[in-house]
Amino acid sequence: MKVGLFIPCYINQLYPQVAIATLELLEKLGQDVYYPEGQTCCGQPLGNSGYEENSKGACQIFVENFKEYDYIVGPSGSCIYHVKHHFDILEQTPEVIKVRDNAYELCEFIVKVLGKINLGASFPYKVGLHKSCHGLRGLKLGSCSEKMDAYYSIEENLLNQVIGLKLMILSRKDECCGFGGTFSVFEEAISVKMGKDRIKDHIDSHVEVITGADHSCLMHLEGLINRNKQPLKVMHIAEILNSCI
Amino acid sequence: MSHSKKAEIFNKNEAKVNWHDKALWYVREKRDLSAHKVQGWEYLRELASGIKANVLSNLDEYLIQFEKNAQKNGIKVHWASNAEEHNIIVNNILAEHNAKKVVKSKSMLTEECHLNPYLESKGIEVIDTDLGERIVQLAKESPSHIVLPAIHKTKEEVDILFQEYLGTKPNFGNPEYLTHEARKHLRDKFLKADAAITGVNFAIADTGGFVVCTNEGNADMGAHLAKVHIACMGIEKIIPKEKHLGIFLRLLARSATGQPITTYSSHFNKPATGKEMHIVIVDNGRTEQLSREDFRASLHCIRCGACMNTCPIYRRSGGHSYDATIPGPIGSILSPGMDMKKHSSLPFASTLCGSCSNVCPVKINIHKQLYKWRQVIVKQQKQPLLKNSILKIAGVVLSKPRLYSLSGKSARFILKKAPKFMIYNRLNTWGKARDLPEVKNEIFDEWYKKRTKNG
Ligand code: SF4
């Protein structure tokens, strides 16, 4: 089984540690992981801004890069969501369909495909989970507070197995952080306010480290935390699951 | 003014934003609690959505059936293709009865048609009798929410407003006193009214009757006291059978306020002896929306307001920031269909978090329609030059891996090497309140290549 590692553009450029943790984690789990060269972007920022038409080239490259793998795994829920739900703008060739069907967000891949939840990690901190909207409501990584279905959370299941980790309870379990791609600059005031409110919830809940399965949300939150010099650290869930502290 | 500008202004007063956010989140949580108590909530939503889809694909037949049955019951039915026709019809009915004083219970449709100013220009007094609506009417504002029209006003603000218009005593925003005074004021208006106008929540094709839901009983009070009752409805308010009401009434109240049932669900079937009952059925752009396949389901809406209460942007920008009759997520998919130029910023006033689609009792895929509107708007409306060129260039760069890698390098170089004042300036909206990510020495690509070489 060949796994193609998908590293979203901003993670490659700005958060290499997240990509490294993802790769190491998958290898630890016995996967045969390949990192295809020449990756650019899934096209999400363009699509979400209304420029879906202009993103076809990027989407096409994505398919080219990953068509030969059995699974495509990436540490970013929103990018995977985009591949699964918005690649309908491409002609649906067998290759495109294969890539869309086999694209997985990292946590989902570990739990659903590999059937593992205990990854042998330890991380002795109080952790707050930010459930990113595209992962939660889009990829259904967990039940949503709006719905009356039975409760579950793939990310929580994984984190609960980490030795020493204490998952803190937030007052608003799955409210959006306000990143939203270009929303973060075109609706700057609301975006910042939403982020501040999320952070306050984590601080009020005595969280030491905010984590999540989508680093774009975390980048936004981290920007605010650093600017306001708040006592919180931000780490991608792959970094925690790959930790032995 | 765009949504973002208005939202920015609203956010100047952070304490008020916090208050507004909390007030609406409280309603959202009440909704969650009461929906949890219903076994098969998700199934109910499924049913409601299915019924609405059936209605929309057979709308012509249901409307004709409804008209026939209503007429059989002695109700007079009128058809209006747009707001103007609607207003003329209402005015003509009022003129026939020489009605000069009108009480109106909540109806978003009459807001949409701007009926009040029209009737006022004809010398008719129109009093909104829903307490929240009366408050915004006195303040000469529009409703900021479809269920809680005055949610943007604190009780202290209402206190001051009532002192000015109703002659109340200063009372530090005492809600009991204020409602009591409002009731006295409205009672007098009810007793003197010549005609009553109401909205319609559900019009039932197989009986020709209709249902109006209020919490204050003001629709009943108005309609029962006045000689003439005019009910105004959009064409999409139809449901096929009376038995379907059980589904919609259970969903509506719980979604709107968390109540198990609206205090008054009043069924109107025929005029009382000696009185007249009229129904005005209005299109005003709805058939056009019906013809847009991607946006058709927006007509499922039963106006419960739940998508507003849950929307993290609505809660922090206030209803007026949308500058539309229907604010919030549903308004953002309805309004561009009415006037794309005016409302072109609305589909972008969202992070596409999807919470609206999840709460919606009739399962409108709101956030997916927001995404679709964005694609339409970018094609049909002139976009800001900067945004347009940045995104188009991005599209080209992202389709060329080598060019992309080069641009990534230079962006990182700038981020790393440039002095702070160059990065945090007026052009960098991100950096107004947020730090930029710290740039590491190596990107993942390079790390990986090294590892492969060494490994
Ligand atoms: S779109 Fe759905 S949630 Fe929003 S007001 Fe209409 S019915 Fe309610």
Side-chain angles (χ1 to χ4, degrees), chain A residues 7 9 11-17 19-20 23 35 38-41 43 45-58 60-61 133-134 137-138 144-149 172 175-176 178-180 183-190 192-195 197 219-220 222-224 226-227, chain B residues 3-4 7-8 11 14 17 21 25 32 35-36 38 41-42 310 312-313 316-317 348-355 357-359 371 374-375 377-379 383 387 391-392 394-402 404 408 411-412 429-430 432-437 439-440 442-445 447-448:
Chain A
I7 296 301
C9 35
I11 291 186
N12 177 30
Q13 299 281 345
L14 299 167
Y15 300 97
Q17 76 276 19
I20 295 170
L23 175 64
Y35 178 61
Q39 297 190 28
T40 62
C41 169
L46 291 163
N48 285 356
S49 311
Y51 290 79
E52 198 176 63
E53 270 306 305
N54 300 72
S55 78
K56 280 187 177 159
Q60 204 62 59
I61 287 200
C133 304
H134 284 79
R137 299 189 181 83
C144 314
S145 64
E146 303 91 10
K147 294 243 197 148
M148 303 301 137
D149 308 324
R172 296 191 190 177
E175 180 154 279
C176 177
F179 173 65
F183 177 88
S184 63
V185 287
F186 294 130
E187 285 267 7
E188 195 259 352
I190 301 283
V192 165
K193 178 63 182 147
M194 285 166 73
D197 288 356
M219 170 170 76
H220 162 67
E222 191 181 49
L224 286 162
N226 289 346
R227 174 63 56 90
Chain B
H3 177 271
S4 63
E8 195 184 328
N11 270 262
E14 192 168 1
V17 176
D21 166 65
W25 182 255
D32 292 353
H36 264 295
V38 178
W41 176 262
E42 299 302 331
T310 203
I313 286 112
R316 290 176 183 80
S317 67
F348 296 91
S350 163
T351 55
L352 307 178
C353 78
S355 185
S357 305
N358 274 355
V359 289
Y371 181 90
R374 293 181 183 187
Q375 315 306 323
I377 286 166
V378 161
K379 278 197 202 111
Q383 294 301 300
K387 177 178 168 190
L391 288 160
K392 285 210 170 131
V396 175
V397 172
L398 293 174
S399 63
K400 305 216 175 353
R402 261 211 233 106
Y404 165 72
R412 286 177 58 254
T429 318
W430 173 276
K432 253 165 81 179
R434 286 165 290 213
D435 275 5
L436 284 155
V439 176
K440 316 284 186 309
E442 206 171 34
I443 69 167
F444 178 67
D445 274 354
W447 177 91
Y448 186 80

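In this structure, chain B has a heavy atom under 4.5 Å from the side chain of Glu175(A), while its backbone stays farther away. Proximity to chain A (any heavy atom under 4.5 Å) is shown, for Glu8(B), by both the backbone and the side chain. Both the backbone and the side chain of Leu224(A) come within contact range of chain B, each with at least one heavy atom under 4.5 Å from a heavy atom of that chain. Proximity to chain A is limited to the side chain of Val17(B), based on heavy atoms less than 4.5 angstrom apart. With a 4.5 angstrom heavy-atom cutoff, Ser357(B) does not touch chain A via any of its atoms. Within the 4.5 angstrom heavy-atom criterion, only side-chain atoms of Tyr371(B), from C-beta onward, approach chain A. Interface residue Asp32(B): backbone and side-chain heavy atoms are both found under 4.5 Å from chain A. With a 4.5 Å cut-off on non-hydrogen atoms, Leu352(B) touches chain A through its backbone and its side chain both. Only the side chain of Gln17(A) comes within contact range of chain B, with heavy atoms under 4.5 Å apart.
With rounding to the nearest 0.5 Å, the separation of CG in Asp197(A) from CH2 in Trp25(B) is 11.5 Å. Rounding to the nearest 0.5 Å gives a distance of 12.5 Å between CG of Asp149(A) and CH2 of Trp41(B). Taken from CZ in Arg227(A) to NZ in Lys432(B), the straight-line distance is 11.5 Å, to the nearest 0.5 Å. Between the CD1 atom of Ile190(A) and the OG atom of Ser350(B) there is a distance of 12.0 Å, given to the nearest 0.5 Å. Considering CG of Asp445(B) and CD of Gln13(A), their distance stands at 7.5 Å, rounded to 0.5 Å.
Met148(A) and Glu42(B) make their closest contact through N-OE2, 2.8 Å (heavy atoms, listed as atom of the first residue, atom of the second, distance). Between Phe348(B) and Phe183(A), the shortest heavy-atom contact is O-CD1, 3.6 Å. Smallest separation of non-hydrogen atoms from Gly47(A) and Gln375(B): O-NE2, 2.7 Å. The nearest pair of heavy atoms linking Ser49(A) to Val378(B) is O-CG2, 3.5 Å. Of all non-hydrogen atoms in Met219(A) and Pro437(B), the two that sit nearest each other are SD-CG, 3.8 Å. Contact detail for Glu146(A) and Ser355(B): the closest heavy-atom pair is OE2-OG, 2.7 Å.
The residues Lys193(A) and Asp21(B) are annotated as not salt-bridged, no charged nitrogen and carboxylate oxygen being separated by less than 4.0 angstrom.
Without hydrogens or angle criteria, Arg434(B) side chain to His220(A) main chain gives no donor-acceptor distance under 3.5 Å. In this structure a side-chain-to-backbone donor-acceptor pair under 3.5 Å is present from Asn12(A) to Phe444(B).
Options Cys133(A), Ala189(A), Gly50(A) differ in how many heavy-atom pairs under 4.5 Å they form with chain B, and the most are formed by Gly50(A). Highest contact tally toward chain B, considering only Asn48(A), Asn226(A), Leu23(A), is held by Asn48(A) [criterion: heavy-atom pairs under 4.5 Å]. No other option in Cys144(A), Gly180(A), Gly138(A) has as many heavy-atom pairs under 4.5 Å with chain B as Gly180(A).
Inter-residue side-chain proximity for Tyr448(B) and Ile7(A) is flagged as unmet; no heavy-atom pair is nearer than 4.5 Å. A 4.5 Å side-chain heavy-atom check between Ser4(B) and Glu188(A) finds every atom pair outside the cut-off.
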